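Notes for the one structure printed next.
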Amino acid sequence: MNTQSAARSTVSGYPRQGPNRELKKAIEGYWKGTVSAGALRQTAADLRKANWQQLAADGIDEVPTGDFSYYDHVLDTSVLLGAIPERHRAAVAADPLDGYFAMARGTQEVAPLEMTKWFDTNYHYLVPELGPDTTFAADTSKQVGELREAIALGLTARPVLVGPITYLLLAKPAPGVDEHFEPLSLLDKLLPVYAEVLADLRAAGAGWVQLDEPALVQDRSADELDLTARAYAVLGELTDRPRLLVASYFDRLGKALPVLAKSPVEGLAIDFTGPAEGNLDDLVAASEVRSKRLVAGVVNGRNIWINDLTKSLATLNRLRTLAGQVDVGASCSLLHVPYDVSAEDGIAPEVASWLAFARQKSAEIATLTLGYSEGAEAIADQLAANQAALESRRASALTNNPSVRARVAGITAADSKRATPYAERSAAQQARLGLPLLPTTTVGSFPQTTELRTARADLRAGRIDATQYDERISAEIQEVLAFQEKAGLDVLVHGEPERNDMVQYFAEQLDGYLATQHGWVQSYGTRYVRPPVLVGDISRPEPMTVRWWAYAQLQTERPVKGMLTGPVTMLAWSFVRDDQPRSETARQVALALRDEVNDLEAAGAAVIQVDEPALRETLPLRQADRAAYLAWGTEAFRLTTSGVRADTQIHTHMCYVEFGDILNALDEMEADVASLEAARSHMQVAHELGDAGYPRGVGPGVYDIHSPRVPGTPEVVSLLRKGLAAIPAERLWVNPDCGLKTRGWPEVRDSLDNLVGAARDVRAQLG
């Protein structure tokens with residue numbers, strides 16, 4: 001028996017959207033004017049209540065508050081701290097809810113905050129904009145209100161906030177502020193506001209408050225660690241505050257662990273899964289933790305595989321002497337996984353037994369808590385069932401396909417290298433395509449209308465047959481092509497009307513993938529995706545895109561791009577296998593995609609785009625781990641694309657990431673043209689590429705598609721001018737930031753008309 005107090009079970013966050021995406025529907029209804037603000041708030045309150053009650057029913061002793069969000073928890077933190085950009089202050093003052101959404105989405109008059117990926121996940125956050133004149137002021141209404149809601153239900157609740165160090169490290173200089181300004185220099189101005197927030201939460205009934213500091217698992221300078229020590233010395237020495245639990249996740253803390261261990265906070269929440277398993281050994285030397293509460297993140301909050309309960313119980317028992325009080329939790333918020341496996345009636349029972357979504361993970365945490373507190377014999381039945389499921393997965397023919405493994409073993413260095421240098425390829429491609437200066441194109445998808453979604457639903461439900469569905473898709477492709485020709489775009493796309501999602505569409509056609517029916521997770525705002533599951537060895541039974549590409553190309557004389565999702569993104573936006581190295585899985589996917597690329601070329605495709613928006617997203621958080629990842633990640637892209645002729649032009653696309661860390665990798669991919677997000681960051685990537693001497697074609701985006709704004713022609717001309725200051729005109733392409741799937745036709749038509757018009761204007765100016 002444990003000599004400590006009985007362990008408690010807890011999580012630090014839960015899916016927000018509702019089991020049937022009720023929040024998405026309510027928010028989008030509010031934007032359309034069909035749902036009132038009061039009705040939206042009631043939907044949100046109902047979802048919070050249901051989540052907390054579900055967690056309690058599943059055995060969670062301490063529930064999180066403050067993690068719920070209408071759009072993004074980092075944006076919520078900016079509101080909490082009063083860090084409202086000057087251009088949005090009037091809107092927030094007039095109506096806080098509308099102003100909040102204006103910061104997230106922008107308006108026709110005012111640009112939104114920049115958006116980028118949350119560490120190495122596919123979740124997007126709104127980047128805080130700060131400057132030396134930024135003033136902070138606490139607004140605790142949301143956090144206090146949600147805490148009181150949970151307490152009123154009779155629950156033990158712990159508010160969860162983004163910590164001050166991570167908040168400042170995630171921020172960027174506001175527009176007009178010197179780009180060298182360091183937001184972390186605002187720490188002394190920010191800490192008194194955190195002190196006020198903590199006092200308000202204590203007054204509202206909080207016994208503990210969690211401050212999330214995931215930025216500390218990245219490589220941090222000595223100065224940054226010194227500021228971390230100072231921040232938690234200041235907060236820890238406050239008298240009017242709850243007890244503090246500082247949380248980290250996604251990787252090992254390294255040098256930040258002793259800094260936090262020595263601070264006067266009462267608890268730490270630490271990840272012990274995946275690359276963060278090293279925290280266990282590091283904790284041995286952190287003797288100060290022996291007097292603190294430790295929330296042990298032994299259940300992976302980012303993936304959907306069942307926990308190895310025996311292994312986790314051993315980890316917990318090893319921690320028994322390393323902390324004053326050990327409690328059991330997930331590695332991070334369960335925001336990153338779907339709700340409930342039991343809703344998936346289309347998955348074979350054996351395979352379903354290998355999976356754990358948020359509800360199952362909560363139950364695993366409760367089971368481990370019981371086993372830790374009362375001994376393994378108290379959970380003997382659960383341990384036996386868990387080991388049987390793990391062995392079933394290990395022995396399955398699905399996870400061991402000899403022909404796939406033999407093909408991967410036969411890969412040679414020549415398979416991942418273009419046979420012709422870029423200069424020769426570029427000349428051959430221009431001779432074949434005959435494109436003008438500053439060629440215009442789009443990134444791939446066009447609006448997914450209600451009619452298209454209805455047609456897919458009708459096909460699934462049997463209300464229409466395959467022939468009727470194909471007629472609807474054919475008509476949509478014709479409409480998309482006709483618009484592009486009229487608008488004057490140079491390289492066309494078929495618009496992807498047949499595709500439900502850029503990863504799921506391919507996953508459903510590849511052997512070894514599993515698609516869910518209800519496995520929705522938040523990507524950004526109201527954008528939810530259903531990541532497929534990489535459950536077994538991957539192969540391609542038959543062509544996936546050739547049919548609709550060929551149909552589209554028959555409708556026009558202009559080149560139509562073949563469109564594929566790249567191997568790294570197929571991994572990153574799926575729930576990837578954890579029973580073999582990711583590099584092995586990437587090569588399997590790359591070989592399947594290589595077959596598709598070669599079939600597109602054989603069918604006549606002159607331009608083939610292989611999207612890799614996730615290459616930067618899954619970059620390891622620690623510098624020491626990056627070279628190996630980028631080596632196999634870029635190899636997988638080249639393995640996909642290197643089997644084509646010199647005159648076949650290979651494009652790639654990336655969006656909403658910090659490109660500076662992967663400029664060399666972008667070069668290593670050897671794509672002929674790369675289209676990149678640039679509108680919200682004001683062409684920053686173009687200048688980074690120019691400074692680095694990037695030698696190939698670049699399309700830095702000039703139309704921010706994650707906002708309903710329609711950029712005017714002068715605005716696009718201005719962005720192109722900035723791009724031309726860094727990239728020679730003969731290598732500069734003109735395109736949106738990303739696909740147009742989430743936008744409506746009216747704004748798309750106007751925006752692309754303006755984009756083409758701007759390109760023509762600049763061409764004329766260039767002579």
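Everything numeric here is computed off the predicted structure, so don't read it as measured data.
Of the possible polar contacts, none joining the Q143 side chain to the L80 backbone as a donor-acceptor pair under 3.5 Å is found. A donor-acceptor distance shorter than 3.5 angstrom exists from the side chain of D72 to the backbone of L126, with no hydrogens or angles considered. Put simply, the side chain of Q522 gets close to the backbone of G525: a donor and an acceptor are under 3.5 Å apart. Listed for the T565 side chain is no donor-acceptor partner under 3.5 Å among the backbone atoms of M570. Using a distance-only test at 3.5 Å, with no hydrogens or angles considered, no donor-acceptor pair links the side chain of N122 to the main chain of A572. Put simply, the side chain of S9 gets close to the backbone of G59: a donor and an acceptor are under 3.5 Å apart. Although no hydrogens or angles enter the test, the distance criterion places no donor-acceptor pair under 3.5 Å between the side chain of Q448 and the main chain of T742. Not a single donor-acceptor pair under 3.5 Å links the side chain of S392 to the backbone N or O of A388. With hydrogens and angles ignored, the 3.5 Å screen pairs a side-chain donor or acceptor of N279 with a backbone N or O of L253. The main-chain N or O of K311 is found under 3.5 Å from a side-chain atom of T315 such that the two form a donor-acceptor pair.
Atom NZ of K24 has more than 12 heavy atoms from other residues, nucleotides or ligands within 6.0 Å. In the displayed structure, K142 atom NZ is contacted under 6.0 Å by more than 12 heavy atoms of other residues, nucleotides or ligands.
Partner D120 forms a salt bridge (Lys or Arg N to Asp or Glu O under 4.0 Å) with one of R622, R616, R582, R302 and no other, that one being R302.
A distance of 6.5 Å separates CG in D625 from CG in D251, rounded to the nearest 0.5 Å. To the nearest 0.5 angstrom, L621 atom CG is 12.0 Å from L216 atom CG. Interatomic distance, CD of Q517 versus CD of E344, reported as 5.5 Å (0.5 Å rounding). Between the OG atom of S78 and the CG atom of L170 there is a distance of 9.5 Å, given to the nearest 0.5 Å.
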Taking distance alone, no hydrogens or angles, what donor-acceptor pairs closer than 3.5 Å link side-chain atoms of residues 378-386 to residues at least two apart or in another chain?
from	atom 1	to	atom 2	distance (Å)
N386	OD1	L309	N	3.0
N386	ND2	N307	O	2.6

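Residues G13 and D67 come closest through the heavy atom pair CA-OD2, 3.3 Å. Summarising the geometry of I347 relative to A352, their closest heavy-atom pair is CG2-N, 3.6 Å, with the distance given to 0.1 Å. Nearest heavy atom pair, residue S396 against residue N400, reads O-ND2, 3.0 Å. Closest approach of W305 and V576 over heavy atoms only: NE1-O, 2.9 Å.
Partners of Y629 by ring-ring contact (aromatic ring centres under 6.0 Å, His included), not counting sequence neighbours, listed by chain and number: W632. Partners of K741 according to the side-chain hydrogen bond (donor to acceptor under 3.5 Å, both in side chains) rule, which considers only residues two or more places apart in sequence or in another chain, do not exist here. The ring-ring contact (aromatic ring centres under 6.0 Å, His included) search around Y14 returns Y339, not counting sequence neighbours. Evaluation of the ring-ring contact (aromatic ring centres under 6.0 Å, His included) rule for Y194 yields no partner, not counting sequence neighbours. Under the side-chain hydrogen bond (donor to acceptor under 3.5 Å, both in side chains) criterion, R460 pairs with no residue at all, not counting sequence neighbours.
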Go through D578 and N300 one step at a time and tell me if the side chain to side chain contact (heavy atoms under 4.5 Å, CB included) criterion holds.
-> CA-CA 11 Å; D578 63 351; N300 193 324; over 6 Å; no
Apply side chain to side chain contact (heavy atoms under 4.5 Å, CB included) to residues Y100 and S69 and explain how you reach the verdict. CA-CA 11 Å; Y100 175 89; S69 180; 3.2 Å; yes
Exercise. Step by step, would you call E62 with R8 a salt bridge (charged side-chain N to carboxylate O under 4.0 Å, His left out)?
Worked result: CA-CA 7 Å; E62 185 181 49; R8 291 163 292 184; 5.1 Å; no
- Item | side chain to side chain contact (heavy atoms under 4.5 Å, CB included) between V295 and W208, worked out | CA-CA 12 Å; V295 175; W208 286 85; over 6 Å; no
Passes side chain to side chain contact (heavy atoms under 4.5 Å, CB included), D579 versus R394? Steps please. CA-CA 8 Å; D579 60 343; R394 278 191 289 266; over 6 Å; no
Audit row: H336, Y249, ring-ring contact (aromatic ring centres under 6.0 Å, His included) steps and yes/no: CA-CA 13 Å; H336 305 288; Y249 36 84; 7.9 Å; no
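Looking at heavy atoms from C-beta onward, V503 lies out of side-chain contact with V529 at the 4.5 angstrom threshold. When side chains are defined from C-beta on, P64 counts as touching V11, because their heavy atoms get closer than 4.5 Å. Between Y70 and L40 the shortest side-chain heavy-atom distance falls below 4.5 Å. Taking 4.5 Å as the limit, some side-chain heavy atom of Q580 sits within range of a side-chain heavy atom of D537. Proximity of V521 to F575: side-chain heavy atoms (C-beta onward) are separated by under 4.5 Å at one or more points. The closest side-chain heavy-atom distance from L161 to T77 is not below 4.5 Å. Contact annotation: the side chain of D271 never approaches that of S248 to less than 4.5 Å [non-hydrogen atoms, C-beta and beyond]. Using a 4.5 Å heavy-atom threshold, the side chains of E364 and I306 count as touching.
A donor and an acceptor atom, one from each side chain of T140 and D200, are located under 3.5 Å apart. Residues R577 and Q588 bring no donor and acceptor atom of their side chains to less than 3.5 Å of each other. E391 and Q387 form no side-chain donor-acceptor contact under 3.5 Å, judged by distance and modelled atom types alone. If you check the side chains of T10 and R158, you find a donor sitting under 3.5 Å from an acceptor.
Aromatic ring pairs are classed by plane angle as parallel below 30°, tilted from 30° to 60° and perpendicular above 60°; the pair W118 and Y125 is perpendicular.
A salt bridge is defined here as a Lys NZ or Arg NE, NH1 or NH2 lying under 4.0 Å from an Asp or Glu carboxylate O, and R530 with D501 fails to meet this definition. Under the 4.0 Å criterion applied to side-chain N and carboxylate O atoms, E288 and K292 are not assigned as salt-bridge partners. Residues R220 and E213 are not paired through a salt bridge, judged by the lack of any N-O separation under 4.0 Å between the basic side chain and the carboxylate. Between E28 and R21 there is no salt bridge, since no side-chain nitrogen of the basic residue lies less than 4.0 Å from a carboxylate oxygen of the acidic one.
Annotation: cation-pi pair R320/Y372 present, NZ/CZ under 6.0 Å from the ring centroid and within 45° of its normal. Figure legend: cation-pi geometry between R48 and F68, with NZ or CZ positioned under 6.0 Å from the six-membered ring centre and within 45° of its axis.
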